[in-house]
Amino acid sequence: MKGGETKKCRKCRKRAVVSLKTYKISLCDTCFPPFFERLVERDVKKYKIIKEDERVLAAVSGGKDSVALLSTLKAISSSLNFHIEALHIDLGIGEYSRKSTEICKKLCQELEIELNTVKLAEYGFTISDVSTKKVCSVCGNAKRYIFNRFARENGFDVIATGHNADDILANFFKNWLSGNRWWIEKQSPRTEGFDRVITRIRPLFLRTEKENAIYVLTRHLPFLADECPNAPQDRWKEIIYEIEAKIPGFKQNFVRNMFKEKKEVSDFRYCSICGEVSTSEICQFCRNIMKYGKNREA
Ligand code: SF4
Ligand code: ZN
């Protein structure tokens with residue numbers, strides 16, 4: 001593009017505010033939000049993330065990812081026919097938690113979604129009481145426990161969280177390095193529950209952090225820009241960001257391939273020429289012989 005030239009929205013020709021290299025599309029602030037919602041709706045259908053008539057409990061903190069999650073689920077709830085409510089946990093992290101609770105109230109009012117709130121203090125402690133270096137692991141454990149118990153005791157079928165492609169990829173690298181390969185299954189778009197454990201869904205698993213931020217801004221939704229004061233610096237996200245800058249679409253392609261349906265091992269046959277195991281009538285090796293072999297018929 002020449003200097004000074006501005007891109008136009010592919011749909012309405014207004015000035016574009018976002019160019020998504022992965023989709024080779026530029027969009028304006030009016031056309032981006034419905035585009036984003038359609039992408040999520042497509043993924044929810046394709047990966048069977050939500051079933052008809054399910055009662056969905058969305059975890060909200062007020063951060064951009066959970067705000068994008070709640071608004072998008074609300075937007076697609078009538079066409080996909082499911083019920084949606086929100087659950088916010090007041091973790092007791094001083095000013096951060098106070099602002100976070102305020103934003104969740106405002107957001108749910110705007111979206112006309114019922115907001116349920118649980119205070120961690122009701123269980124006898126808050127995150128501010130945790131003085132160890134493991135504050136995030138205590139906090140993560142408390143959130144998982146409370147979401148699960150609240151969902152089960154209040155008749156919800158699934159718990160939705162705002163995990164995005166960046167989160168899933170960063171966690172993938174961390175866990176792969178520690179040898180926790182089984183972990184990939186736990187981050188799939190839908191992890192079925194068992195016994196007292198409620199099903200977990202991640203409808204934004206293919207959306208990037210950047211897309212979520214643009215969605216929240218262009219939909220003019222309230223959100224909390226402040227990070228939790230305990231948030232650790234994530235070097236993996238910085239590395240992933242650098243790879244994405246060199247290979248546009250890397251994040252989404254990687255995460256999509258992580259959850260691609262596995263080809264059944266039983267989907268094989270025997271090559272009709274050599275008899276070795278093959279996925280097609282004639283195996284690739286025999287086809288290569290036919291193509292490049294010196295003895296092939298002219
Ligand atoms: Fe909890 Fe804050 Fe750690 Fe997130 S960053 S797990 S909210 S303590
Ligand atoms: Zn437009």
Side-chain angles (χ1 to χ4, degrees), residues 1-47 49 58 60-77 79-80 103-104 106-107 110-111 113 160-170 189 202-227 231 234 236-259:
M1 200 169 69
K2 286 176 205 142
E5 194 182 325
T6 47
K7 286 192 180 176
K8 293 218 166 69
C9 173
R10 161 95 69 88
K11 296 191 187 287
C12 73
R13 314 305 298 159
K14 237 171 69 177
R15 190 174 66 84
V17 295
V18 52
S19 283
L20 298 169
K21 283 187 186 160
T22 319
Y23 304 99
K24 298 188 179 63
I25 191 170
S26 298
L27 293 165
C28 71
D29 53 351
T30 314
C31 296
F32 180 73
F35 174 80
F36 179 94
E37 287 160 5
R38 271 198 304 277
L39 286 179
V40 177
E41 182 170 5
R42 187 199 62 186
D43 294 337
V44 168
K45 283 188 196 158
K46 181 172 173 191
Y47 294 91
I49 296 177
V60 281
S61 65
K64 63 180 183 341
D65 298 313
S66 68
V67 171
L69 172 78
L70 198 60
S71 169
T72 311
L73 287 183
K74 171 76 181 181
I76 65 173
S77 60
S79 63
L80 297 188
I103 295 279
C104 291
K106 203 168 164 219
L107 175 74
E110 274 187 30
L111 296 175
I113 290 178
T161 54
H163 289 97
N164 58 45
D166 302 53
D167 298 327
I168 291 176
L169 207 47
R202 300 163 189 87
L204 303 185
F205 80 110
L206 280 180
R207 308 280 57 85
T208 63
E209 241 171 44
K210 188 176 156 198
E211 287 172 13
N212 289 351
I214 299 171
Y215 173 75
V216 165
L217 290 169
T218 51
R219 260 267 176 263
H220 306 292
L221 295 164
F223 75 101
L224 183 60
D226 307 7
E227 270 218 51
D234 199 329
W236 275 110
K237 282 206 175 163
E238 288 166 21
I239 294 166
I240 290 163
Y241 185 82
E242 282 176 26
I243 302 175
E244 178 74 25
K246 290 201 164 68
I247 312 169
F250 161 77
K251 285 188 275 199
Q252 282 153 323
N253 284 335
F254 198 107
V255 174
R256 194 178 288 116
N257 286 332
M258 275 167 70
F259 302 116

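All residue numbers in this chain count up from 1 along the given sequence.
When the side chain to side chain donor-acceptor pair (under 3.5 Å) test is applied to E37, the partners found at least two apart in sequence or on another chain are Y215, R219. Contacts of T72 classified as side chain to side chain donor-acceptor pair (under 3.5 Å), with partners at least two apart in sequence or in another chain: none. Remark: T22 engages Q252 in a side chain to side chain donor-acceptor pair (under 3.5 Å) (not counting sequence neighbours).
For the atom pair CD1 (I25) and SG (C9), the distance works out to 7.5 Å, reported to the nearest 0.5 Å. The distance from the CG atom of L169 to the OH atom of Y241 is 15.0 Å, given to the nearest 0.5 Å. With rounding to the nearest 0.5 Å, the separation of CZ in F254 from CD1 in I168 is 12.0 Å. Taking CD of E110 as the start and CG of L221 as the end, the distance is 6.5 Å to the nearest 0.5 Å. From I113, atom CD1 reaches atom OG of S77 across 7.5 Å, with rounding to the nearest 0.5 Å. To the nearest 0.5 angstrom, C28 atom SG is 12.5 Å from K8 atom NZ.
Side-chain contact between F32 and K11 is absent, with no heavy-atom pair separated by less than 4.5 Å. L73 has its side chain within reach of P203: a pair of non-hydrogen atoms, C-beta onward, lies under 4.5 Å apart. A heavy-atom distance below 4.5 Å is not found between the side chains of P222 and V67. I214 has its side chain out of reach of F36: every pair of non-hydrogen atoms, C-beta onward, lies at least 4.5 Å apart.
Between C31 and C12, the shortest heavy-atom contact is SG-SG, 3.9 Å. The nearest pair of heavy atoms linking G62 to C104 is N-SG, 3.6 Å. Of all heavy-atom pairs spanning E227 and A231, the tightest one is OE1-CB, 3.0 Å. In plain terms, the two heavy atoms of K45 and L80 that are nearest each other are CE-CD2, 3.5 Å. When all heavy atoms of A58 and L70 are compared, the closest pair comes out as CB-CD1, 3.6 Å. Minimum heavy-atom separation, I49 to D43: CD1-O, 3.8 Å.
Not one N or O on the side chain of N212 forms a donor-acceptor pair closer than 3.5 Å with the backbone of E209.
Annotation: K106, atom NZ; neighbour count of heavy atoms from other residues, nucleotides and ligands within 6.0 Å does not exceed 12. E238 CD: more than 12 foreign heavy atoms inside a 6.0 Å radius. The 12-atom threshold is exceeded at NZ of K14, counting heavy atoms of other residues, nucleotides or ligands nearer than 6.0 Å. Around the OH atom of Y23, the shell of radius 6.0 Å holds more than 12 heavy atoms that belong to other residues, nucleotides or ligands.
Of the residues R207, K237, K251, the one that meets the salt bridge (charged side-chain N to carboxylate O under 4.0 Å, His left out) test with D166 is K251.
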* **Audit row: F223, L217, side-chain contact (heavy atoms from CB on, under 4.5 Å) steps and yes/no** => CA-CA 9 Å; F223 75 101; L217 290 169; 3.9 Å; yes
